[in-house]
Amino acid sequence: MTSLLLKYGERSTRYSVEETARLTASILVHVAPDGKVIVEAPPECPLAKVKVAVQKRARWIFQNQDSAKRSIMHPLPREYVSGETHFYLGRRYQIRVKVGRSEATVKLIKGIIQIHVPLQDRALVKRRLKLWYTKRARDYLNRRVEVLLDQFDWLAEAPKVKLLPMKMQWGSCSPKGSININPALIKAPRHCIDYVLIHEMCHMKEHNHSKRFYALLGKYCADWQKRKAELDQIAELLLAE
Ligand SMILES: [Zn+2]
């Protein structure tokens, strides 16, 4: 991962460039919920080319950074109407609400969360979207636990992930060996989700917040403090309904 500097008028910001194997030609620019700028480029794409592409989008980047900062300071109540943005795995997606189908469906297609509802009803849109997040959370979190499992020799099998809406917490673990996760965590960036899962999986060896626990956490997630700080900063935004 390379870190570069973008300048635009009086303003400047750093951005990180990640090589993404699935990209062939395009360069993708994202502004994370905390305002960080992430650029995805095809492997071996010349940095000069990346710089030009990012510079072209400078105005858009700073506008999005400003709105990210504003929404962290003052999360607005959600309205569940077309054009509004909602988070999924740390990225902002617009929702598009269409009325008329007999059955309600939610699908992420071409970067837009498409919601079909039989009648104009914001509460219904909200419920369906929440259900979609919960389904996505169940799939994603269980898959991540399976992937992370290999490194933890104290766990013979993947702990069950239970989704539990919580007001103040992202995760906890039960003495029976399952992990409770707040379904809203699916809105957070992937590295923050991993931090929460690793934290809970470490609790299955060290059941408290002792020095030994933090030593273990540091071993499996060296930059956990950075990830936690990022998650804390955007918590209110992700939990806003
Ligand atoms: Zn803990």
Side-chain angles (χ1 to χ4, degrees), residues 15-18 20-42 50 53-54 56-72 74-141 143-144 163 182-193 230-231 234-241:
Y15 60 96
S16 56
V17 183
E18 292 170 8
T20 307
R22 76 186 147 79
L23 293 179
T24 50
S26 52
I27 292 166
L28 301 178
V29 183
H30 311 279
V31 177
D34 67 347
K36 244 186 243 118
V37 183
I38 302 144
V39 176
E40 288 184 283
V50 173
V54 173
K56 264 191 201 158
R57 306 195 68 183
R59 205 164 80 97
W60 177 89
I61 289 170
F62 285 110
Q63 276 171 354
N64 274 271
Q65 242 183 5
D66 289 346
S67 83
K69 279 172 197 157
R70 265 199 311 273
S71 42
I72 284 175
H74 313 282
L76 293 169
R78 326 257 56 200
E79 291 189 79
Y80 298 91
V81 292
S82 290
E84 189 173 66
T85 58
H86 288 252
F87 289 107
Y88 176 62
L89 292 173
R91 301 259 156 90
R92 226 176 247 278
Y93 292 94
Q94 269 196 18
I95 62 168
R96 188 172 295 155
V97 181
K98 279 192 185 159
V99 180
R101 273 198 205 158
S102 58
E103 217 183 316
T105 57
V106 181
K107 278 180 186 151
L108 177 57
I109 301 171
K110 291 183 184 154
I112 292 173
I113 302 175
Q114 318 234 10
I115 306 169
H116 287 271
V117 278
L119 64 162
Q120 189 79 49
D121 178 356
R122 285 185 199 181
L124 177 63
V125 173
K126 179 178 173 177
R127 271 204 313 278
R128 295 306 304 205
L129 184 60
K130 209 169 175 178
L131 201 65
W132 180 80
Y133 276 125
T134 305
K135 269 193 203 145
R136 290 285 181 132
R138 187 166 294 123
D139 287 355
Y140 183 80
L141 297 170
R143 252 186 295 135
R144 277 317 290 168
L163 297 173
N182 193 326
L185 186 63
I186 195 66
K187 299 177 185 178
R190 292 169 195 265
H191 57 276
C192 296
I193 299 178
E230 185 178 341
L231 195 54
I234 57 173
E236 214 181 320
L237 188 60
L238 301 186
L239 293 167
E241 284 197 351

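Residues take their numbers from the sequence shown, with the count starting at 1. Side-chain atoms are counted along with the backbone in the values below, which use heavy atoms only and exclude waters and symmetry mates.
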Supply the atom-to-atom distance [X] [atom1] to [Y] [atom2], rounded to the nearest 0.5 angstrom.
| X | Y | atom1 | atom2 | result |
| --- | --- | --- | --- | --- |
| Leu108 | Ile115 | CG | CD1 | 10.5 Å |
| Glu236 | Ser71 | CD | OG | 11.0 Å |
| Leu185 | Ile193 | CG | CD1 | 5.0 Å |
| Asn182 | Lys187 | CG | NZ | 9.0 Å |

Check: [Y] and [X] side chains under 4.5 Å, non-hydrogen atoms:
| X | Y | answer |
| --- | --- | --- |
| Leu163 | Leu141 | yes |
| Val17 | Ile27 | no |
| Lys130 | Glu241 | yes |
| Ile186 | Leu89 | yes |
| Phe87 | Arg92 | yes |
| Thr85 | Ser67 | no |
| Ile61 | Tyr15 | no |
| Pro118 | Leu124 | yes |

Heavy-atom donor-acceptor pair, [X] side chain to [Y] backbone, under 3.5 Å:
| X | Y | answer |
| --- | --- | --- |
| Arg128 | Ala123 | no |
| Gln120 | Val99 | no |
| Gln65 | Gly35 | yes |
| Ser82 | Val97 | yes |

Exactly one of Tyr80, Tyr133, Tyr93 clears ring-ring contact (aromatic ring centres under 6.0 Å, His included) with His86, and that residue is Tyr80

Carefully, step by step, assess Arg91 and His30 under the rule side chain to side chain contact (heavy atoms under 4.5 Å, CB included).
CA-CA 7 Å; Arg91 301 259 156 90; His30 311 279; 3.3 Å; yes

Atom CD of Gln63 with >12 non-hydrogen neighbours under 6.0 angstrom
yes

Criterion side chain to side chain contact (heavy atoms under 4.5 Å, CB included) on Glu79 and Arg122, from CA distance to verdict:
CA-CA 7 Å; Glu79 291 189 79; Arg122 285 185 199 181; 3.6 Å; yes

Walk me through whether Asn64 and Val37 qualify under side chain to side chain contact (heavy atoms under 4.5 Å, CB included).
CA-CA 10 Å; Asn64 274 271; Val37 183; over 6 Å; no

